[in-house]
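Letters A, B, ... mirror the listed sequences (proteins, then strands); counts begin at 1.
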There are 2 protein chains.
Amino acid sequence: MSKANSAPELDAADRRILRVLQRDGRIAVTQLAEEVGLSATPCLRRIRRLEEAGVIARYAALVDPKRVGLPIQAFVQVALSSHAEEVAEAFHKAIAAREEVLAAWAMSGDMDYLLHVVAADFDAYAEFALKALLRMPGVKETRSSFVLTALKPPGAVPV
Amino acid sequence: MSKANSAPELDAADRRILRVLQRDGRIAVTQLAEEVGLSATPCLRRIRRLEEAGVIARYAALVDPKRVGLPIQAFVQVALSSHAEEVAEAFHKAIAAREEVLAAWAMSGDMDYLLHVVAADFDAYAEFALKALLRMPGVKETRSSFVLTALKPPGAVPV
DNA sequence: CCTGAAATTGCCGCTAA
DNA sequence: TTAGCGGCAATTTCAGG
């Protein structure tokens with residue numbers, strides 16, 4: 001299981017379910033069923049199938065960083081000096097351990113990684129960028145850009 | 001309401017609630033209450049307060065783009081040729097209308113925007129980048145980087 | 001459609017300013 | 001004393017079979 005295969009064949013009803021659940025992840029199954037034009041039982045079966053197939057990775061409350069004292073957001077591009085497996089591995093571990101890194105991707109192009117980072121203020125950000133990130137294993141170069149405004153909120157995948 | 005003020009004073013219990021709800025947004029209030037050491041009633045009251053204060057923006061099912069036929073992910077940096085209000089406004093509208101743009105931020109630095117984009121394949125991505133994005137109002141230059149792997153899943157804000 | 005569990009609400013008691 | 005918070009109990013709604 002777990003790895004599961006790419007496309008578990010989504011029909012129109014599945015897609016409707018996914019659209020609603022991405023918008024309101026805590027909706028009652030009863031109400032969801034009504035919105036997608038099914039009765040509760042088959043609707044619940046479909047939800048379970050989507051969960052088990054990994055189409056729905058999990059459910060989450062989306063927390064606004066600004067409202068919890070983390071008004072600074074930045075994206076940092078990172079280049080490693082070596083692409084040796086051990087170096088990358090150590091870097092991954094270091095990233096995983098830092099809670100201010102909300103998300104991280106390995107990228108194509110001249111920079112190897114992109115990090116989405118939050119911080120309480122510029123001092124905290126500087127602390128992260130200079131003391132933590134630059135000293136992580138293999139880090140050669142970083143380039144930070146700060147988020148001025150979020151144009152589009154944490155979006156929904158178009159299904 | 002809606003805009004609400006920055007920090008509605010979170011105590012330790014609020015933070016515990018937020019940590020759990022970011023990890024499992026569909027947990028039963030009863031169980032959540034137990035995990036954070038409260039009974040259901042005050043726990044539910046706190047949840048409602050966090051929702052109303054905008055600390056919890058919403059709940060969402062997190063859908064894996066790969067599992068719904070969107071295996072290509074990219075980040076695109078965009079520079080506008082003009083920063084006139086109308087140009088920016090028109091660009092924002094154009095971005096909002098494109099479902100393949102999961103998220104968009106206005107950024108500091110030499111590029112004005114960062115977009116997180118998904119696509120079914122490279123053709124679809126090229127279509128978006130060349131036909132849609134480059135023709136959006138005010139777009140001067142774009143630079144795409146593709147996601148190779150997601151190191152850190154859609155993260156939780158550290159509260 | 002039925003049964004057990006969960007969400008929600010009213011009401012009361014405790015504590016701190 | 002009052003505002004704020006937590007808990008029990010009753011009611012309504014939901015999940016899951």
Side-chain angles (χ1 to χ4, degrees), chain A residues 1-2 4 8-64 66-70 154 156-157 159, chain B residues 1-64 67-68 154 156-159:
Chain A
M1 68 99 213
S2 64
E9 305 290 322
L10 305 177
D11 67 13
D14 290 323
R15 293 174 193 281
R16 279 198 297 274
I17 289 172
L18 289 174
R19 280 194 290 269
V20 175
L21 282 177
Q22 286 189 92
R23 173 169 51 73
D24 179 4
R26 252 183 111 86
I27 190 173
V29 174
T30 320
Q31 197 186 329
L32 170 60
E34 190 180 332
E35 289 196 25
V36 302
L38 288 174
S39 67
T41 304
C43 186
L44 183 60
R45 258 202 303 272
R46 281 166 181 271
I47 295 170
R48 291 289 173 268
R49 183 160 42 77
L50 293 168
E51 290 167 357
E52 277 156 28
V55 174
I56 297 175
R58 65 189 174 93
Y59 299 88
L62 304 186
V63 170
D64 182 348
K66 284 197 300 296
R67 304 285 167 86
V68 295
L70 297 166
V157 175
V159 288
Chain B
M1 73 97 210
S2 64
K3 212 57 244 194
N5 335 44
S6 25
E9 306 289 322
L10 304 178
D11 68 11
D14 290 324
R15 293 175 192 281
R16 280 199 295 274
I17 289 172
L18 289 174
R19 279 194 290 270
V20 175
L21 282 178
Q22 286 190 92
R23 174 169 51 72
D24 179 4
R26 251 183 113 85
I27 190 173
V29 174
T30 322
Q31 196 186 328
L32 170 59
E34 191 179 333
E35 289 196 24
V36 303
L38 287 173
S39 70
T41 304
C43 186
L44 182 60
R45 266 201 299 263
R46 282 165 179 270
I47 294 171
R48 291 287 175 270
R49 184 156 39 81
L50 293 168
E51 290 167 357
E52 276 155 29
V55 175
I56 297 175
R58 66 190 172 94
Y59 300 88
L62 304 186
V63 170
D64 182 347
R67 304 285 167 85
V68 294
V157 175
V159 286

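- Comment: R48(A) engages E51(A) in a salt bridge, judged by a side-chain N to carboxylate O separation of less than 4.0 angstrom.
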What protein N or O atoms touch nucleotides 15-17 of chain C N or O atoms at under 3.5 angstrom, if any, and at what distances?
none

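- D24(B) has no carboxylate O lying under 4.0 Å from a charged side-chain N of R19(B), or vice versa, which leaves the two without a salt bridge.
- Between the side chain of R26(B) and the backbone N or O of G25(A) there is at least one donor-acceptor pair closer than 3.5 Å.
- Note on R45(A): nothing from the nucleic acid sits closer than 4.0 angstrom, heavy atoms only.
- The backbone N or O of V157(B) lies less than 3.5 Å from a partner atom in the side chain of Q22(B), making a donor-acceptor pair.
- Taking both residues in full, the closest heavy atoms of G54(B) and D64(A) are given as O-CB, 3.6 Å, listed atom of the first, atom of the second, then distance.
- Within the 4.5 Å cutoff, the side chain of L18(B) has heavy atoms near those of the L10(B) side chain.
- Between the CG atom of L44(A) and the P atom of dA15(D) there is a distance of 8 Å, rounded to whole Å.
- As a whole-Å value, the separation of L38(B) CG from dG7(D) C1' is 10 Å.
- Between D14(B) atom CG and dG4(D) atom P there is a gap of 15 Å when expressed in whole angstrom units.
- Picking from dA7(C), dG7(D), dA15(D) the nucleotide with the shortest atom distance to the side chain of S39(B) gives dG7(D).
- At distances below 3.5 Å, not a single donor-acceptor pair connects side-chain atoms of R67(B) with backbone N or O atoms of I56(A).
- Atom pair D11(B):CG and dG4(D):P shows a separation of 15 Å (rounding to whole Å applied).
- Contacts between residues 25-35 of chain A and DNA chain D, counted as heavy-atom distances below 4.0 Å, involve A28(A), V29(A), T30(A).
- Put simply, CD1 on I47(A) is 13 Å from P on dG17(D), counting in whole angstrom units.
- One atom, CZ of R49(B), and another, C1' of dG6(D), lie 12 Å apart when rounded to the nearest Å.
- Taking 4.0 Å as the cut-off between side-chain N and carboxylate O, R49(B) and E9(B) do not count as a salt-bridged pair.
- Of the listed nucleotides (dG6(D), dG16(D), dT8(C)), dG16(D) has the atom at the smallest distance from the side chain of R48(A).
- No donor-acceptor pair under 3.5 Å is formed between the side chain of R58(A) and the backbone N or O of A61(B).
- One can find a donor-acceptor pair under 3.5 Å joining the base of dC8(D) and the side-chain atoms of T41(B).
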